[in-house]
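Note sheet for the following structure.
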Amino acid sequence: MDFLDAARSRFAPALAPHLPEGESVESFLDLIRPARDAQFGDFQANFAMPLAKRAKKPPRDLAAEIVAAADLTDLFDQPEVAGPGFINLRVRDDVLAAETAKLAADERLGVPIVENPQTITVDFSSPNVAKPMHVGHLRTTVIGDAVCRILRLRGHNVIGDNHLGDWGTQFGMILYGYKNFRDDAAYQADPVTELARLYRTVNTLSDYHAAKKKRPKLTEVVEAKRQAVADAPPPADKKAKKALSKLKQEAGTAEEALAAADAKIAAVEADTDLAALAAAHPTLAAESRAETAKLHAGDAENRRLWEEFLPPCLAALQTIYDRLGIQHDATYGESFYQPMLAGVVDELLEKGIAEESDGAVVVRDNVDPAGKPVPGPFVVRKTDGAFLYGTTDLATVKHHVEELNADAMLYVVDSRQGDHFANVAATARRWGFNDTDFRHVSFGTVLGEDGKPFKTRSGDTIGLESLLDEAVERALAIVSENDDSKPDGPELDANERGDIAEAVGLGGIKYADLAHNRESDYKFSWDKMLSTTGNTATYMQYARARVCGIFRMGGVDRDALRDRFVADGGEVLLTDPAERAMALQLNRFAEAVREASRDHRPNVLTDYLFDTAKAFSAFYEACPLLKAETEDLKSSRLILADTTARVMHAGLELLGIRVIDRM
RNA sequence: GCGCCCGUAGCUCAGUUGGAUAGAGCAUCGGACUUCUAAUCCGGCGGUCGGAGGUUCGAAUCCUCCCGGGCGCGCCA
């Protein structure tokens with residue numbers, strides 16, 4: 001049972017007479033929380049202090065009054081009022097035992113279906129087609145998948161949507177590359193690799209030309225900034241000091257930009273083939289854009305090529321998703337919305353929401369639900385008549401609300417796009433989509449060990465596939481080393497080792513990402529994410545594998561044990577503090593799922609699983625299972641172990657992490 | 001110039017819309033293996049929550065200022 005939730009509903013009626021005018025009971029019920037220290041019991045209610053202020057009563061008296069009025073004693077021991085007015089709750093042992101027995105028999109492990117299931121679309125992953133996925137896609141993919149799984153378990157109708165970039169400027173580059181640089185044999189043999197090569201080539205050349213063109217200006221800027229720094233008088237006051245430090249920073253930024261441009265130029269000029277191509281195709285950037293425009297305008301050949309390119313690219317993406325165990329329910333790429341875009345802009349213009357500005361169409365003066373201005377303007381049509389991703393996002397809103405009946409739309413996209421999604425949501429509301437809950441589920445950047453965005457040593461972004469390969473490779477080394485050092489010699493064959501390494505390696509990457517608060521940046525560290533100790537996937541997988549090991553050792557079939565326990569009306573016995581803590585922790589699974597879904601924070605769930613694994617270790621240490629004194633105690637403890645394994649399994653599954661029975 | 005975010009133990013991070021003595025992991029130090037899997041467990045050390053004011057019964061959390069860092073600012077996504 002979700003005791004926290006139960007306590008909230010029990011306190012609600014007792015609270016009602018003391019509520020200040022116009023305030024909702026929920027905000028006070030939210031002050032019922034897990035006890036921050038076991039000495040205070042299992043849960044604590046903190047609402048007496050703020051309520052007492054309004055009621056002009058001593059908080060301890062009010063607390064006692066509310067406790068007396070609340071119907072609690074069938075679940076909790078007599079509550080204690082402590083300190084300035086905290087109410088401490090302790091679950092009755094007999095209730096805890098009975099509820100734990102129920103949990104053991106419950107397929108949903110106590111997680112209820114929400115009362116009002118919603119249709120929720122979740123935009124996540126959303127890579128560009130024909131550009132290899134890279135480390136930048138990791139968080140949206142991993143967090144988005146976990147968010148979908150958690151909402152789905154809660155009973156919502158979740159539509160995980162892969163908003164593919166299948167219509168953008170990269171296709172113009174690929175079309176140009178295909179028409180000019182194609183290696184036919186390579187394309188026949190492996191279209192995706194060849195298309196990726198073509199994209200890279202065109203992109204490199206395009207960057208080269210741009211860098212060449214920008215270089216004089218950049219040099220000028222660097223000179224000017226350096227000169228300005230040199231000319232600046234010694235700062236006389238704080239303001240001058242700040243200005244100087246800012247100037248120095250700008251000089252540094254300019255130098256970096258110049259260095260980056262030089263690197264791009266050097267990369268091409270060092271390669272005679274590339275240099276020749278660059279010279280032969282001086283206008284390739286503009287021509288690539290023209291190819292994109294032709295595609296968008298319905299050019300027959302480009303359209304045919306686009307249709308030819310797409311399937312193998314999608315299949316390549318699917319290979320990665322399959323490996324990661326990730327599924328989308330829908331794939332409405334940008335191209336899907338293309339026919340609706342003109343209508344979207346026209347409608348916004350008609351309704352006076354959008355206006356023309358310098359030939360473009362923009363939406364101005366957007367405000368967020370709190371009435372705060374959103375930085376704009378929000379461009380929905382370019383001067384040349386082309387549409388932007390904001391236009392596509394608005395068409396997506398219309399489609400998802402009208403065709404999919406979305407009650408809520410979640411965007412699992414990095415935090416730098418906050419302004420963009422604020423504009424999408426604000427425009428959609430002005431457009432009339434007032435009943436839809438738009439949520440930007442934003443996340444921070446993955447940093448390297450140096451604290452800067454995660455790149456290879458040479459400064460390139462890291463491909464997702466090679467990242468996964470490296471994780472599995474490192475995991476295999478750990479698995480093998482551990483297995484080799486087992487006291488009775490290795491237990492696993494090469495196949496098993498490979499399978500475990502896959503689960504541990506990929507699990508490690510996912511878990512490290514999910515265990516951090518999604519809003520913060522985090523440092524990517526192989527050693528930390530694959531560590532066998534601490535808050536890692538490996539530790540969690542091991543904790544569960546240990547339980548499996550116990551059952552193997554004891555020759556006990558878990559399903560049979562559970563069936564017999566249920567059929568016999570078996571009891572859970574709480575004879576030891578560690579046993580009680582374990583039982584309570586298992587009952588908290590529903591609470592953890594609820595809290596994790598509240599603001600879409602998978603790290604709430606990882607914390608819970610870590611606590612559960614620790615609780616099991618303590619329980620396992622303190623309480624003999626297979627060697628328990630009596631048969632009843634043995635069966636009770638095995639049921640606790642079995643339920644622990646099921647909770648770990650269900651929890652890891654919610655995170656998209658595989659479990660392994662032996663490691 | 002405008003806007004958003006961040007600063008918590010040596011390191012990496014939690015801290016649940018203001019609650020009791022600020023937590024965890026790693027590292028470090030000390031203990032526990034003829035084991036129910038030691039990929040483990042138990043214990044110790046470690047903090048002016050960037051700084052200064054303010055709000056109140058109570059602040060890491062809210063407000064103001066300062067210091068330090070990151071990011072975003074019409075026709076890329």
Looking only at B/G19, B/A77, B/U12, the nucleotide nearest the A/Leu388 side chain is B/A77

- Item | Over-ring placement of A/Lys614 relative to A/Phe616, 6.0 Å and 45° cut-offs | no

Could you tell me whether A/Asn517 contacts a base, only the sugar-phosphate backbone, or nothing, with contacts defined as non-hydrogen atoms closer than 4.0 Å?
sugar-phosphate

Margin query: I want to check one thing: is the phosphate of B/U16, taken as OP1 and OP2, less than 4.0 Å away from some side-chain N or O of A/Arg33?
Written below: no

Classified by glycosidic angle (syn within 90° of 0, else anti), B/G74 comes out syn

Look at A/Asn603 and B/U16 and indicate whether a side-chain polar atom (N or O) is within less than 4.0 Å of OP1 or OP2. no

Between B/G50 and B/U61, how far apart are the P atoms? Round to whole Å, please.
8 Å

Taking the P atom in each of B/C36 and B/U17, what is the distance between them to the nearest angstrom? 44 Å

Taking B/C36, B/A39, B/G19 as options, the one with an atom nearest any side-chain atom of A/Leu625 is B/C36

- Task: Look at A/Asn46 and B/G19 and indicate whether a side-chain polar atom (N or O) is within less than 4.0 Å of OP1 or OP2.
- Result: no

(Q) Can you check the distance between B/U21 and B/C49, where both ends of the measurement are the P atom (answer in whole Å)? (A) 14 Å

A/Thr391 meets the side-chain hydrogen bond (donor to acceptor under 3.5 Å, both in side chains) criterion, sequence neighbours left out, with none

So the ring-ring contact (aromatic ring centres under 6.0 Å, His included) pairs with at least one residue in residues 26-59 of chain A (sequence neighbours excluded) are A/Phe11-A/Phe47

side-chain hydrogen bond (donor to acceptor under 3.5 Å, both in side chains) filter on A/Asn203, not counting sequence neighbours, yields none

Which whole number of Å gives the distance between the C1' atom of B/C13 and that of B/G53?
30 Å

Taking the C1' atom of each, how far is B/A9 from B/C5, in whole Å? 24 Å

**OP:** With heavy atoms under 4.0 Å as the rule, sort A/Ala52 into base, sugar-phosphate or nothing.
**Re:** nothing

query: If you look at every strand shown and take non-hydrogen atoms under 4.0 Å, does A/Asp611 touch a base, only sugar-phosphate, or nothing?
result: nothing

Between protein and nucleic acid, restricted to nucleotides 2-6 of chain B and to nitrogen or oxygen atoms under 3.5 Å apart, what atom pairs and distances do you find?
from	atom 1	to	atom 2	distance (Å)
B/C4	OP1	A/Lys372	NZ	2.8

Contacts of A/Phe378 and A/Cys623 projected onto RNA chain B by closest heavy atom; the upstream (5') one is A/Cys623

With the side chain defined as heavy atoms from C-beta on, A/Asp607 is closest, among B/A20, B/A14, B/U16, to B/A14

NZ (A/Lys372) and CG (A/Asn366) are apart, to the nearest 0.5 Å, by 14.0 Å

**Heavy-atom donor-acceptor pair, A/Glu26 side-chain to B/U17 base, under 3.5 Å** = no

Notebook entry, point to check: Side-chain N or O of A/Arg598 less than 4.0 angstrom from OP1 or OP2 on B/U16?
Noted result: no

Quiz prompt | Phosphate contact (B/C41 OP1 or OP2) by A/Tyr539 side-chain N/O below 4.0 Å | solution = yes

Winner on side-chain proximity to A/Met49, out of B/C57, B/C36, B/G74, is B/C57

Walking RNA chain B from its 5' end, the first of A/Val479 and A/Gly359 to be reached, judged by nearest nucleotide, is A/Val479

Residue set satisfying side-chain hydrogen bond (donor to acceptor under 3.5 Å, both in side chains) with A/Lys523, at least two apart, ordered chain then number -> none

Per atom distances to the A/Pro377 side chain, the nearest of B/U16, B/G74, B/A39 is B/G74

Distances for protein N or O near nucleotides 24-32 of chain B N or O, under 3.5 Å:
from	atom 1	to	atom 2	distance (Å)
B/C26	OP1	A/Thr533	OG1	3.4

Residues pairing under ring-ring contact (aromatic ring centres under 6.0 Å, His included) where one sits in residues 360-389 of chain A, two or more places apart or in two chains, turn out to be A/Phe378-A/His420, A/Tyr389-A/His420

Of B/A39, B/C13, B/C76, the nucleotide closest to the side chain of A/Ile478 is B/A39

Salt bridge (charged side-chain N to carboxylate O under 4.0 Å, His left out) filter on A/Arg558, not counting sequence neighbours, yields A/Asp642

Span that lies between the C1' atom of B/C71 and that of B/G31, in whole angstrom: 48 Å

The side chain to side chain contact (heavy atoms under 4.5 Å, CB included) partners of A/Arg90 (sequence neighbours excluded) come to A/Asp42, A/Asp77, A/Asp93, A/Arg580

Tell me if the centroids of the rings in A/His296 and A/Phe171 come within less than 6.0 Å of each other. no

Q.
For A/Asp484, is there an ion pair with A/Arg497 - N to carboxylate O distance below 4.0 angstrom?
A. yes

Practice problem: Please state whether the base of B/A77 and the side chain of A/Tyr389 form at least one donor-acceptor pair under 3.5 Å? | Solution: yes

_Please confirm whether the shortest side-chain N or O distance from A/Ser525 to OP1 or OP2 of B/C13 is below 4.0 Å._
no

Side-chain contact check for A/Lys627: nearest option of B/G19, B/C36, B/A77 is B/C36

Stems in RNA chain B, runs of 3 or more consecutive Watson-Crick or G-U wobble pairs with both distances under 3.5 Å, sorted by first number, are B:1-7 with B:67-73, B:10-13 with B:23-26, B:28-32 with B:40-44, B:50-54 with B:62-66

Could you give the distance separating B/A20 and B/G1 at their P atoms, to the nearest angstrom? 40 Å

Checklist line | Distance-only side-chain donor-acceptor flag, A/Arg33 / A/Asn46, under 3.5 Å | finding: no

Residue set satisfying salt bridge (charged side-chain N to carboxylate O under 4.0 Å, His left out) with A/Arg546, at least two apart, ordered chain then number -> none

With sequence neighbours left out, the residues meeting side-chain hydrogen bond (donor to acceptor under 3.5 Å, both in side chains) with A/Tyr332 are none

Ranking B/C36, B/G72, B/A14 by distance to the side chain of A/Arg416, first place goes to B/G72

Side-chain atoms of A/Lys523 come closest, of B/C13, B/G74, B/C36, to B/C13

